[in-house]
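The next block holds one structure in the form of structure tokens; read it before the comments.
Quick caveat: nothing in here was measured; it's all calculated off a predicted structure.
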Amino acid sequence: MSLSLFDSRAQAVRAFEPIVAGKVGIYLCGPTVQGLPHVGHLRSALVYDQLRRWLKVNLLEVTLVRNVTDIDDKVLENAKGTGEQWWALAYRFELEFNRAYAALQIAPPTYEPRATAAIPEMLDLIDRLIAAGYAYQAEDGSADVYFAASRWAKYGELTNQKIDDMAPDADVELRGKRDARDFALWKAHKAGDPSSAAWNTRFGAGRPGWHIECSAMATKYLGSQFDIHGGGLDLRFPHHENELAQSSAAGDAFANFWLHNGLVNVSGQKMSKSLGNSIFAADLLAAARPIVVRYYLGSAHYRSVLDYHEGVLDEAESAVARIETFVEKAIRRLGSTAAIRADLNSDELRAALPAAFAKAMDEDLAMPAALAAVHDEVRAGNSAIDAGDDSALKTALDAVLAMTTVLGINPLDWAVGANSGNDQALDNLIQALIEERKAARTDKDFARSDAIRNQLQAAGITLEDAADGTHWSVN
RNA sequence: GGUGGAGUGGCUGAGCGGCCCAAAGCAACAGCCUGCAAAGCUGUAAACCCACGGGUUCAAAUCCCGUCUCCACCUCCA
């Protein structure tokens with residue numbers, strides 16, 4: 001394994017070594033299911049899907065845990081607005097997220113725990129923190145429990161901040177807090193909230209704070225020490241800082257690497273509800289084919305800002321079409337479809353990967369360089385077709401299929417499916433027109449041949465004249 | 001105010017001391033191919049030499065100092 005990853009805590013690229021040989025545990029902060037999935041959620045999920053794929057290619061057994069935060073202020077608030085039960089609203093949006101992930105062929109995580117299913121683990125962790133002297137029940141008699149950030153000397157280590165530099169909100173109500181920077185581990189039940197959103201504890205009725213959820217779920221599924229903790233850049237502070245502090249204070253080694261993916265901006269601006277510029281998953285999928293959306297979201301380096309604006313999907317469409325056209329032509333020419341498919345563990349796939357691609361992936365998942373390798377190979381393959389060199393073509397095709405399989409953009413994996421009866425009927429119809437056009441061309445009746453081509457084009461079908469005959473495809 | 005990141009061809013976006021007279025894609029132009037196209041290939045043009053001004057070095061887009069601009073986080077957020 002020669003993979004290096006940028007570790008946010010070390011603020012440096014570090015060589016990645018699994019804690020347990022051959023296995024990798026990844027915890028990824030999933031969404032709070034309080035609304036519809038947007039482009040940022042998809043990018044985040046995609047980044048770790050790609051990481052997971054690359055680890056699998058390197059024969060590591062990956063356990064990916066991505067949680068669902070299904071209890072939270074916003075969930076309760078939004079449910080009040082719609083009149084739904086909070087858990088019904090949360091599940092409704094959870095399904096929307098799963099639909100969007102599936103559309104982009106982002107594989108489901110190994111485990112997808114909901115916060116509400118890990119309450120006992122959270123309470124255990126809170127107890128350990130109280131015993132260690134780093135947590136305390138609110139001093140105003142409520143059921144609130146806080147983490148004493150001000151007592152944890154290493155607080156700020158993840159984001160390289162000194163606790164004294166953190167400007168405490170002047171107007172913040174301390175209520176039962178000893179220090180303004182202390183944060184809630186457990187939140188007392190509030191008068192207006194439904195009783196179904198409260199759990200009885202020795203502190204009183206209440207619900208979990210956001211940060212404790214992830215600490216508890218990560219260790220529940222991956223143990224007190226695991227390889228990688230990931231999430232969006234916006235979660236570094238306070239969420240991940242707080243997770244690290246509480247887990248460390250409880251004596252857990254916690255994550256070996258911290259990864260943060262860059263955010264998606266819209267025309268240079270942060271996406272936000274108040275600006276009304278959010279791009280939702282449904283918007284993307286309405287504007288472009290899923291494989292194109294996946295290509296676009298994965299085209300920039302995972303740590304850089306990805307800007308969404310007019311035209312980016314068209315550009316991605318062209319690039320994807322180039323790859324698809326090549327694969328189609330190559331398979332048609334070579335006849336065999338005994339091509340490399342989705343098995344990431346196969347020796348064949350590994351053997352077919354160009355060195356430049358593997359190097360790019362190993363260097364902190366340098367996606368642009370990896371895509372450059374894909375396109376280089378596409379060009380080499382196209383040249384081989386022109387030169388009639390089938391051996392070189394086979395090599396290029398295998399390389400392209402292997403690389404795109406790793407990236408999750410193998411055209412064969414996105415094909416609509418085997419020929420259905422409808423496809424066969426359509427093919428019969430179009431073949432008849434192709435024959436008629438061929439006859440017209442032989443007779444030099446170009447008006448007629450062009451009319452046929454234009455008619456099909458208008459119906460969304462493109463004809464392509466190749467050396468071995470005319471082929472058609474749906475636009 | 002604190003912390004982190006970014007300014008590279010028309011656009012997207014790599015490179016982060018010599019392999020860079022700067023990858024790859026998109027867009028443009030020309031040639032080949034074609035009856036004409038499309039697709040494909042080949043080539044061309046395109047970055048006042050990589051925000052600006054200094055410096056270090058045999059050597060800098062890449063390191064250092066200064067300046068300007070932009071973005072993110074410090075409040076719920078992927």
Side-chain angles (χ1 to χ4, degrees), chain A residues 8 11 28-32 34-35 37-48 66 69 72-74 77 97 156 158-169 172 181 210 230-239 241 260-265 268-273 295-296 299-301 303-307 309-312 314-323 325-326 328-329 356 360 363 366-376 378-387 440-442 444-447 449-450 453-454 457 462-467 470-471 473:
Chain A
S8 295
Q11 287 187 56
L28 168 60
C29 280
T32 298
Q34 48 106 353
H38 61 234
V39 57
H41 294 118
L42 293 183
R43 184 191 190 191
S44 179
L46 176 61
V47 163
Y48 299 97
R66 184 185 62 216
T69 297
D72 157 271
D73 291 347
K74 282 276 175 58
E77 190 185 316
F97 273 86
L158 181 65
T159 49
N160 192 27
Q161 299 182 90
K162 295 191 185 77
I163 193 161
D164 294 329
D165 288 337
M166 296 180 198
D169 259 340
V172 79
R181 292 159 303 201
W210 179 35
L233 193 57
D234 52 345
L235 298 183
R236 277 175 78 232
F237 193 91
H239 187 49
E241 187 71 71
H260 289 99
N261 61 277
L263 305 185
V264 181
N265 281 178
Q269 277 187 308
K270 174 184 162 148
M271 203 166 59
S272 77
K273 229 170 216 170
Y295 181 96
Y296 160 67
S299 61
H301 186 97
R303 283 192 283 120
S304 50
V305 176
L306 180 66
D307 195 61
H309 54 264
E310 195 59 36
V312 289
D314 293 339
E315 204 175 289
E317 167 62 43
S318 299
V320 170
R322 179 175 155 79
I323 297 169
T325 302
F326 164 66
E328 197 180 313
K329 283 167 77 171
E363 288 174 359
M367 218 49 77
L371 285 173
V374 172
H375 283 104
D376 283 344
V378 166
R379 188 173 344 90
N382 277 323
S383 295
I385 291 175
D386 285 359
R441 291 175 71 200
T442 308
K444 304 247 189 274
D445 181 0
F446 298 125
S449 69
D450 287 352
R453 188 169 65 195
N454 292 340
Q457 188 65 58
T462 299
L463 294 186
E464 186 192 323
D465 295 325
T470 300
H471 306 283
S473 59

5'-most by nearest nucleotide on RNA chain B - A/T462 or A/A300: A/A300
Inter-nucleotide P distance (B/A24, B/G31), Å rounded: 23 Å
Gap between atoms CD and P, on A/Q11 and B/A6 respectively (whole Å): 12 Å
Any side-chain heavy-atom pair of A/H309 and A/Q269 under 4.5 Å: no
Touch class at under 4.0 angstrom, heavy-atom based, for A/V312 against every strand present: nothing
Whether A/T325 side chain and A/A321 backbone form a donor-acceptor pair below 3.5 Å: yes
Value in whole Å for how far the P atom of B/C36 lies from CG of A/N454: 16 Å
A/R236 vs B/C74: side-chain N/O to OP1/OP2 distance below 4.0 Å: no
Base B/A37 paired with A/R453 side chain (donor-acceptor, <3.5 Å): yes
Comparing A/Q161 and A/N265 on RNA chain B - which has the more 5′ nearest nucleotide: A/Q161
Nucleotide opposite B/G43 in a Watson-Crick or G-U pair, distances under 3.5 Å: B/C29
Donor-acceptor contact present, side-chain A/Y48 to main-chain A/G231, <3.5 Å: yes
Check: A/H38 main-chain N/O paired with A/H41 side-chain donor or acceptor under 3.5 Å: yes
Of the listed nucleotides B/C41, B/A39, B/A78, the one nearest the side chain of A/H38: B/A78
For B/G66, the Watson-Crick or wobble partner whose two distances fall under 3.5 Å: B/C52
Distance in angstrom units between A/H301 NE2 and B/A6 P, rounded: 11 Å
Between P of B/A23 and CD of A/E363, the distance in whole Å: 18 Å
Of the listed nucleotides B/A14, B/A24, B/A72, the one nearest the side chain of A/L233: B/A72
Under 3.5 Å side-chain donor-acceptor pair for A/Q34 and A/T32: no
Per A/K329 side chain, nearest of listed nucleotides B/A14, B/G35, B/A39: B/A39
B/A78 phosphate, OP1 or OP2, under 4.0 Å from A/H41 side-chain N/O: yes
Counterpart base for B/C20, defined by Watson-Crick or G-U wobble contacts under 3.5 Å: none
Nearest-Å distance once atom C1' is located in both B/C63 and B/C50: 16 Å
Nucleotide paired to B/G9 in any strand shown, Watson-Crick or G-U, under 3.5 Å: none
CZ-CD1 distance between A/F326 and A/I385, expressed to the nearest 0.5 angstrom: 5.5 Å
Closest listed nucleotide, where the reference is the side chain of A/N382 and the choices are B/G35, B/A23, B/G40: B/G40
Sugar-phosphate only, base, or nothing, as touched by A/G40 at under 4.0 Å among non-hydrogen atoms: base
N/O (side chain, A/K270) to phosphate O (OP1/OP2, B/C73) under 4.0 Å: yes
Nearest-angstrom distance, P atom, B/G4 to B/G13: 24 Å
Presence of A/N160 side-chain N/O under 4.0 Å of B/G4 phosphate oxygens OP1/OP2: yes
P spacing across the pair B/C20 / B/G66, given as an integer number of angstrom: 32 Å
C1' gap between B/C48 and B/G9, integer Å: 12 Å
Closest to side chain of A/R322, choosing from B/G35, B/C26, B/C74: B/C26
Any donor-acceptor N/O pair, A/R43 side chain to A/G232 backbone, under 3.5 Å: no
Between B/G7 and B/C21 - C1' atom distance, rounded Å: 23 Å
Sugar-phosphate, base or nothing in reach of A/K74, heavy atoms under 4.0 Å: base
Nucleotide nearest A/S318 when distance is taken to its side chain, options B/A27, B/C36, B/G25: B/A27
Among B/A78, B/U42, B/A23, the nucleotide that comes nearest once only the side chain of A/S383 is considered: B/U42
Base-pairing assignment for B/G4 (Watson-Crick or G-U wobble, both under 3.5 Å): B/C71
Between B/A27 (P) and A/D314 (CG): distance, integer Å: 10 Å
Atom-pair distance (CG on A/L158; P on B/C73), nearest Å: 16 Å
Short side-chain N/O contact to B/A78 OP1/OP2 from A/T32, under 4.0 Å: yes
A/E241 side chain vs A/L158 backbone, donor-acceptor pair below 3.5 Å: yes
Touch class at under 4.0 angstrom, heavy-atom based, for A/D465 against every strand present: base
Integer angstrom distance from the P of B/C49 to that of B/U8: 16 Å
Nearest-angstrom distance from the residue atom CZ of A/R441 to P of B/A38: 14 Å
Per A/E315 side chain, nearest of listed nucleotides B/C11, B/A14, B/A78: B/C11
Short side-chain N/O contact from A/S304 to OP1 or OP2 of B/C71, under 4.0 Å: no
Gap in Å between the two C1' atoms, one belonging to B/U75 and one to B/G17, rounded: 42 Å
Side chain of A/D234 - closest among B/G40, B/C73, B/A14: B/C73
Distance in angstrom units between A/E241 CD and B/G4 P, rounded: 13 Å
Nucleotide of B/C26, B/C73, B/A39 approaching A/F237 most closely (side-chain heavy atoms): B/C73
